[in-house]
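Counting starts at 1 for both ligands and their atoms, in listed order. Please read all numbers here as calculations on a predicted model, not as lab measurements.
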Amino acid sequence: MQALPGFRDFLPDDCARRNYTFARWRGVARRYGFVEWEGPPLEATDLYKKKSGAEIVEQLFNFTDKGEREVALRPELTPTLARVVAAHERKFKKPLKWFSIGQFFRYEKQQRGRLREHFQLNCDIVGETDLAADVELVALCIDILRAFGFTEKDFVVRISDREFWTDFFRDKKVPAERWDGLLQAIDKSAREPREKTAEKLGDLAGAVFAALKSGGESAKLGQLVEGLRARGLADFVAVDVGIVRGLAYYTGIVFEVFDRGGKFRAVAGGGRYDNLIGQLSDGAVSMPALGFAMGDVVLGELINEIPRASEAMQKTISNDSKIDVYIIIAKEQRRADALAQIQQLRDRGYRIDYPLTPTRVARQFQAAEELGARLALLYGDEWPQVKVKNMKTGEQELVAHDRLLAHLQAQSSLSS
Ligand code: HAM
């Protein structure tokens, strides 16, 4: 039996990497004053049909449940956020600054950087129209990646504004029904042959290609870059109107994060979706919103690619996985005494391991070393004294068993 295509097994090392990622996501989001929330993994299929756009609806893992409901595993969090905010917004002061970490499912063709499940960090600000919120959100996205050890040499946030294109279409008198299709064609233009994009753009192809080539600019994008410059973060961003995003609900500033080497798919993406909450609540609650999501798959590839980031991760993981104390039971008669002490030490928060069954002393010391124990406590002939061995220096001392806890506490307060 194997896992389904596009689904991963998380062995202990993979879980350690995942926890490392989640800790950085959570830590920086909290530094920015975001609070954590979560939605359900299964939603009504209609939630995505209404506004996410054709591409995501094609990728749904959906089925009819036993109550004849049409349901789907969530492919993204934004529609759930809009639904939850519309139902509960009265309970919270605006703007809301919410983050969430969870697993998402898309029936995509499995390829590098794209699986059928992945984890995302979502960060969203709800109830603020001012550009200050867009600056804050992009800064948060940059600082999260900096927390992994990446610099402006490793990644770039390409920022754009959908209004640049809607103004452009208005100017060229393009009927509004064509806008969505045109935006999708522009979104795919960097990944598709020029002729295919030209065909989709029709009479507008020449003008669109010219705008893409010139890079495009707008007062709003200029202000956004200046806001980031004031924080010393301007080197992390580039204006690129070729970014319009695949999801249908975006209304203003949009952005995507790529590795500088151009090897991988986007690490993160997001933008403003000022109409989604209103549309999903049939006008009951109307609130501007903006946010982004960062996925763990491409991020993991980028960590592997950049030695600074992978070394920082390995160091943290290896420190986190170490135990404090390994208990060596040299005489089986002492097992009950050792277990009483293990319980006491674990209650105080020490990380303790010991052999479950009788084991040669040499093997026990080997286990202590492999588990990264700082100390080994030996329960044997010395009882009622316990031999305390510093695993790093090899120094040993005898400590009376009823003084052991005080002894360990004094040692760790010295080292900290
Ligand atoms: P998205 O661009 O569809 O945006 O996904 C965000 C990130 O999730 C991508 O940049 C990528 O790293 C990761 N991702 C997406 N699909 C896959 C996949 N099949 N395999 C691996 N990683 C994947 C959204 O989902 C929006 N809801 C983001 C947002 C939040 N907008 C506003 N708030």
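- Here the protein heavy atom with the shortest distance to atom 24 (C) of ligand 1 is Leu247 CD1, 3.6 Å.
- At the top of the distance list for atom 18 (C) of ligand 1, counting protein heavy atoms only, stands Arg114 CD, 3.4 Å.
- Geometrically, ligand 1 and Gly270 share no nitrogen or oxygen pair separated by less than 3.5 Å.
- Nearest protein heavy-atom contact of atom 19 (N) of ligand 1 is Glu108 OE2, 2.7 Å.
- Not less than 6.0 angstrom separates the ring centroid of Phe264 from the ring centroid of Phe258.
- Between the side chains of Asp143 and Tyr32, at least one donor N or O lies within less than 3.5 Å of an accepting N or O.
- Of the options Phe104, Tyr250, Phe255, Tyr107, the smallest heavy-atom separation from atom 29 (C) of ligand 1 is shown by Tyr250.
- Using modelled atom types, one finds no donor on one side chain facing an acceptor on the other under 3.5 Å when comparing Tyr273 with Thr78.
- Scanning the protein heavy atoms around atom 25 (O) of ligand 1, the nearest turns out to be Arg106 NH2, 3.0 Å.
- The single protein non-hydrogen atom nearest to atom 9 (C) of ligand 1 is Ala266 O, 4.0 Å, given as residue, atom name and distance.
- Note on ligand 1: Gly6 sits outside its first shell, no heavy atom being nearer than 4.0 Å.
- Atom CD of Gln111 has more than 12 neighbouring heavy atoms from other residues, nucleotides or ligands inside a 6.0 Å radius.
- The protein heavy atom nearest to atom 33 (N) of ligand 1 is Asp124 OD2, 2.8 Å.
- In the model, Ser218 has no side-chain atom that pairs as donor or acceptor with a side-chain atom of Glu163 under 3.5 Å.
- A donor-acceptor contact closer than 3.5 angstrom links the side chains of Tyr250 and Arg245.
- Side-chain atoms of Gln341 and Tyr379 form a donor-acceptor pair, as typed in the model, at a separation below 3.5 Å.
- Short contacts between ligand 1 and Gly113, defined as distances under 4.0 Å to a heavy atom of the residue, involve ligand atoms 20 (N), 21 (C), 22 (N).
- For the residues Ala293, Ala82, Pro79, Cys123, the heavy atom positioned nearest atom 28 (C) of ligand 1 is part of Ala293.
- The single protein non-hydrogen atom nearest to atom 20 (N) of ligand 1 is Leu115 N, 3.0 Å, given as residue, atom name and distance.
- Between Arg335 and Tyr354, some side-chain heavy-atom pair lies under the 4.5 Å cut-off.
- In this structure, Glu192 places its CD atom where more than 12 heavy-atom neighbours from other residues, nucleotides or ligands lie under 6.0 Å away.
- Compare Arg245, Arg112, Glu256 by their heavy atoms: the one nearest to atom 2 (O) of ligand 1 is in Arg245.
- With His118, Arg116, Arg265, Gln120 as candidates, the residue nearest to atom 22 (N) of ligand 1 on a non-hydrogen basis is His118.
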